[in-house]
Amino acid sequence: NSYYNSSFTENTKSSTINMTYKVPNSKWSLSTTANISQRTADSTLTVSFPNITLTLSQVAPFKRKRAVGNEKWYEKIKLSYSGYFQNSLTAKQNQFFKKSLVKDWRNGMKHSMPVSATFNIFKYINLTPSVQLNDRMYTSKIRKAWDPDASRELVVDTCYSSYNVFDFSASMSLDTKIYGFFQPWKIFGDKVKMIRHVITPTVSFSASPDFSSPGWGYYGSYQYTQNGEIMRRKYSYCQHGIFGSVGQGKSSSVSWSLANN
């Protein structure tokens, strides 16, 4: 038995195709992937097709092609875009083509768009506000309830339609550079004429709201009893989605750094 293991006779066949295309004279690019694998032990197929990624490199959409005079504040706004589509299914070979595209295939789309701009204030300080926008698109959402007999949560309903899960976060950073010059002693010889010292302080602020609050409509809740006390638990309608869902609770942070060179 020590010389034989059943896993030695198991075999998995797989094939992957990738294609990438960049639009000429453009900042758009497209890539797609198709993957299929099969376990010969039980003929289970795992197919992921099509997986599509569409990206736009950073652009300044409001910048004038023929600028006259000083640069306007809105011309400093820059954005980029990434779009993803994924579609996958795992099933036995004899059941594969009987599966429903909406109910059985696991699919979804996600859009991400960071927007930022850099402004100069008080002549020496750089101010950079930015916003991160995300949107997840699914074809189903679930509803849960508590089963007191089994003492666990259950999926009681699955709704099939078009659902969007949108979230965003905002941030702002301030940075500058402070230069200093130092003439070294003669111990360095004549090879070192001057030493430059650069200090770069940065302060950043970021915040995002609580997307689990009822006003957004992304989360549901149910009651259950624990140690004789009635409790309430939140859950996401789209937590089963291929790109996940939004988190609970609002967040805010302040960070700072000091770089010496």
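Side chain to side chain, Thr12 and Ser37 fail the donor-acceptor criterion of an N or O pair below 3.5 Å.
Between Asn87 and Pro50 the shortest side-chain heavy-atom distance falls below 4.5 Å. Side-chain contact check for Lys13 versus Thr40: some heavy-atom pair is nearer than 4.5 Å. Contact annotation: the side chain of Asp167 approaches that of Arg136 to within less than 4.5 Å [non-hydrogen atoms, C-beta and beyond]. The shortest side-chain heavy-atom distance between Phe211 and Phe168 falls under the 4.5 Å cut-off. Gln38 is listed as a side-chain neighbour of Ser43, based on a closest heavy-atom distance under 4.5 Å. Contact check for Glu153 versus Arg233: side-chain heavy atoms found under the 4.5 Å cut-off. Contact of the Thr53 side chain with the Thr55 side chain is registered, since non-hydrogen atoms from C-beta on lie closer than 4.5 Å. Using a 4.5 Å cut-off on side-chain heavy atoms (C-beta onward), Tyr163 and Val165 make no contact.
Residue Arg196 qualifies as open at atom CZ: its count of foreign heavy atoms under 6.0 Å is 12 or below. Counting non-hydrogen atoms of other residues, nucleotides and ligands closer than 6.0 Å to CG of Asn70 gives a total of 12 or fewer. More than 12 non-hydrogen atoms from other residues, nucleotides or ligands lie less than 6.0 angstrom from NZ of Lys234. Annotation for Asn94: atom CG counts as buried by contact number, over 12 foreign heavy atoms lying within 6.0 Å. Heavy atoms of other residues, nucleotides or ligands lying less than 6.0 angstrom from CD1 of Ile17 number 12 at most.
Applying the side chain to side chain contact (heavy atoms under 4.5 Å, CB included) rule to Val68 yields no partners; only residues at least two apart in sequence or on another chain are considered. When the side chain to side chain contact (heavy atoms under 4.5 Å, CB included) test is applied to Ile199, the partners found at least two apart in sequence or on another chain are Ile178, His197, Pro201, Leu258, Asn260. Scored by the side-chain hydrogen bond (donor to acceptor under 3.5 Å, both in side chains) test, Gln95 finds no partners at all (sequence neighbours excluded).
Taking all atoms of both residues into account, the shortest heavy-atom contact from His240 to Tyr237 is CE1-O, 3.4 Å. Scanning both residues, Ser112 and Lys110, for their nearest heavy atoms gives OG-CE, 3.7 Å. The two atoms that bring Tyr138 and Cys238 nearest to each other are CD1-CB, 3.7 Å, heavy atoms only. The shortest heavy-atom contact between Thr158 and Val155 is OG1-CG1, 4.1 Å. Summarising the geometry of Ala117 relative to Ile77, their closest heavy-atom pair is CB-CA, 3.9 Å, with the distance given to 0.1 Å. In this structure, Gln86 and Asn51 approach most closely via the heavy-atom pair CA-OD1, 3.4 Å.
In terms of modelled atom types and a separation under 3.5 Å, the side chain of Asp210 and the main chain of Ser212 share a donor-acceptor contact. Tyr74 places no side-chain N or O within 3.5 Å of a backbone atom of Phe62 that could act as its donor or acceptor partner. Judged by distance alone, with hydrogens and angles left aside, the side-chain atoms of Lys22 form a donor-acceptor pair with the main-chain N or O of Ser26 at under 3.5 Å. Looking only at distances, no side-chain donor or acceptor of Thr44 sits under 3.5 Å from a matching main-chain atom of Ala91. Not one N or O on the side chain of Asn227 forms a donor-acceptor pair closer than 3.5 Å with the backbone of Glu229. Proximity of a side-chain donor or acceptor of Tyr218 to a complementary backbone N or O of Phe166 within less than 3.5 Å is detected.
Tyr179 and Phe182 are assigned to two separate hydrophobic clusters, defined by single-linkage of ILVMFWY side chains at heavy-atom distances under 4.5 Å. Linking ILVMFWY residues whenever their side-chain heavy atoms come closer than 4.5 Å, directly or via other members, places Tyr222 and Met231 in the same cluster. Connection of Ile121 to Trp73 is not established within any shared hydrophobic cluster, with ILVMFWY side chains joined at heavy-atom distances below 4.5 Å, either directly or through further cluster members. Cluster annotation: Tyr219 is not connected to Ile142 through the hydrophobic network of ILVMFWY side chains, with a link wherever side-chain heavy atoms come within less than 4.5 Å.
The structure places CG of Asp135 at 4.5 Å from CG of Asn164, a figure rounded to the nearest 0.5 Å. Put simply, OH on Tyr224 and OG on Ser151 are 11.5 Å apart, with the number rounded to the nearest 0.5 Å. If you take OG on Ser162 and CE on Met137, they are separated by 5.0 Å, rounding to the nearest 0.5 Å. Between atom OG of residue Ser57 and atom OH of residue Tyr81 there is a gap of 13.5 Å, rounded to the nearest 0.5 Å. Here the CD1-OG1 distance, from Ile230 to Thr225, works out to 5.5 Å after rounding to the nearest 0.5 Å. Atoms CG and CH2, on Leu56 and Trp28 in that order, are 4.5 Å from each other to the nearest 0.5 Å.
Of the candidates Thr202, Ile125, Thr118, Asp175 forms a side-chain contact (heavy atoms from CB on, under 4.5 Å) with just one, namely Thr202.
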Under 3.5 Å, sequence neighbours excluded: what are the donor-acceptor pairs made by side chains of residues 241-255?
from: Ser245; atom 1: OG; to: Ser236; atom 2: OG; distance (Å): 2.7
from: Ser251; atom 1: OG; to: Ser208; atom 2: OG; distance (Å): 2.8
from: Ser253; atom 1: OG; to: Ser206; atom 2: OG; distance (Å): 2.6

For Thr33 and Thr16, what are the C-alpha separation, side-chain angles and deciding distance, and is it a side chain to side chain contact (heavy atoms under 4.5 Å, CB included)?
-> CA-CA 7 Å; Thr33 304; Thr16 301; 4.0 Å; yes

Begin with the C-alpha distance, continue with both residues' side-chain angles, and end with the deciding distance and a verdict on side chain to side chain contact (heavy atoms under 4.5 Å, CB included) for Gln239 and Lys144.
-> CA-CA 11 Å; Gln239 66 185 37; Lys144 294 183 177 182; 2.4 Å; yes

Worked verdict on Gln223 versus Trp146 for side chain to side chain contact (heavy atoms under 4.5 Å, CB included) | CA-CA 7 Å; Gln223 291 183 343; Trp146 182 257; over 6 Å; no

Check step by step if side chain to side chain contact (heavy atoms under 4.5 Å, CB included) holds for Val198 and Thr200.
-> CA-CA 7 Å; Val198 183; Thr200 308; 4.1 Å; yes

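The hydrophobic cluster containing Val47 also includes Ile36, Leu45, Phe49, Leu89, Phe96, Phe97, Leu101, Trp105, under a criterion of side-chain heavy atoms closer than 4.5 Å among ILVMFWY residues, counted directly or through chains of members.
Judged as a salt bridge (charged side-chain N to carboxylate O under 4.0 Å, His left out), the pairs with a partner in residues 76-103 (not counting sequence neighbours) are, in order, Glu71-Lys76.
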